[in-house]
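For the numbers below, each heavy atom of this structure counts, side chains included, while hydrogens, waters and symmetry mates do not. Quick caveat: nothing in here was measured; it's all calculated off a predicted structure. Chain A is the first sequence line, chain B the second, and so forth, proteins listed ahead of strands; every chain is numbered from 1.
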Amino acid sequence: MKNRLKVERAICDLTQQQLAEQVGVSRQTINAIEKGNYVPSTTLSLKLARVFSKPLEEIFQLDEND
Amino acid sequence: MVKNYLFSPVFRKIGYALLVVALVFFVLCLSFDQLAFGLQYPMISLTPPMDEEWTIFKFYPRITQGGWFEIVMTLMCVGCVFVAFSREKEEDECIAQIRMQSLVWALMVNMVLVLLTTLFIYGGSYLTCMAVYPFSTFLFFIIKYNISLYQFRKNNEE
């Protein structure tokens with residue numbers, strides 16, 4: 001799965017720690033999501049989309065391999 | 001709301017302390033006979049004495065003498081559960097996934113060991129191995145979980 005988390009975070013001028021605190025996870029989890037090492041759950045994905053006020057599909061997209 | 005059955009993080013330290021106490025106690029009782037045989041206390045048993053015939057699905061409640069081995073096993077059981085199933089200070093879904101994957105790995109590795117033991121080891125040695133396996137699952141899990149958690153934090157530190 002691909003994501004634009006880092007881009008959206010830069011647009012909103014948020015650090016990983018700030019974003020992590022807003023959605024209730026650790027900073028390492030946010031880093032893992034941005035690197036593509038971890039696929040977040042539906043709940044976490046929706047929380048992230050709500051932080052950026054964007055639809056879920058704008059932040060997370062399926063890969064060709066998915 | 002998802003229920004979390006994990007203990008508070010403070011139980012991890014209690015668990016490690018219990019494991020250390022159990023290990024020290026085990027070594028002391030093996031080394032000093034007076035300590036081992038002085039620790040007799042009455043406890044309930046459901047199996048007949050060794051010289052009597054035992055029928056499966058039939059229980060023979062009686063009072064027998066327990067001792068240091070039962071104490072060590074109890075401390076090990078409780079210690080392993082506390083260490084293995086304590087929350088992290090920062091618990092989130094990623095750590096929960098690492099915990100689940102480590103648990104599956106530990107169970108599979110342990111079952112392979114049980115299988116190999118069953119096929120290649122016999123007699124009293126087999127019973128000794130079987131006595132260890134309840135704890136080996138937890139030990140494999142604790143080792144695998146801590147390694148995975150360390151690698152996760154190290155790889156995502158930037």
Using a 4.5 Å heavy-atom cutoff, which residues in residues 12-24 of chain B come close to chain A?
none
Does the side chain of A:Arg9 reach to within under 4.5 Å of the side chain of A:Glu34, using non-hydrogen atoms?
yes
First locate atom CD of A:Gln18, then atom CD1 of A:Ile30, and finally report the distance between them rounded to the nearest 0.5 Å.
11.5 Å
A:Lys6 side chain to A:Lys35 backbone, donor-acceptor under 3.5 Å
no
Show, in sequence, the C-alpha distance, side-chain angles and deciding distance for B:Ile121 and B:Cys129, and conclude whether the side-chain contact (heavy atoms from CB on, under 4.5 Å) test is met.
CA-CA 9 Å; B:Ile121 297 178; B:Cys129 291; 4.2 Å; yes
Just to be sure I understand the criterion: a residue of residues 37-61 of chain A counts if one of its heavy atoms is under 4.5 Å from a heavy atom of chain B. Which ones qualify?
A:Asn37, A:Tyr38, A:Pro40, A:Ser41, A:Leu44
Is it possible for you to say whether A:Leu62 and A:Ile33 belong to one hydrophobic cluster, with membership spreading through side-chain heavy-atom contacts below 4.5 Å?
yes
Would you give the length of the straight line joining atom CZ of A:Arg27 to atom CZ of B:Arg153, rounded to the nearest 0.5 angstrom?
11.0 Å
Taking non-hydrogen atoms and a cut-off under 4.5 angstrom, which of residues 90-113 of chain B neighbour chain A?
B:Glu90, B:Asp92, B:Glu93, B:Cys94, B:Gln97
Identify the two heavy atoms, one from A:Leu19 and one from A:Leu14, that lie closest to each other, and give their separation to 0.1 Å.
CD1-CD1, 4.3 Å
Least distance between heavy atoms, B:Asn156 atom then B:Phe152 atom:
ND2-O, 2.8 Å
Non-hydrogen side-chain atoms of B:Thr118 and B:Tyr126 separated by less than 4.5 Å
yes
Enter the distance from B:Ile71:CD1 to B:Phe25:CZ here, rounded to the nearest 0.5 Å.
4.5 Å
Any non-hydrogen side-chain atom of B:Phe7 less than 4.5 Å from a side-chain atom of B:Phe82?
yes
Using a heavy-atom cutoff of under 4.5 Å, enumerate the residues of residues 131-150 of chain B that contact chain A, numbered in order, or state 'none'.
none
Do A:Thr29 side-chain atoms and A:Val25 backbone N/O form a donor-acceptor pair below 3.5 Å?
no
What distance do A:Gln17 atom CD and A:Ser26 atom OG have between them, rounded to the nearest 0.5 Å?
8.5 Å
Over 12 non-hydrogen atoms of neighbours within 6.0 angstrom of CG in A:Asp13:
no
Rounded at 0.5 Å granularity, tell me how far CZ in B:Phe26 sits from CE in B:Met73.
10.0 Å
Measure the shortest side-chain to side-chain distance between A:Lys2 and A:Glu64 over non-hydrogen atoms and say whether it is less than 4.5 angstrom.
yes
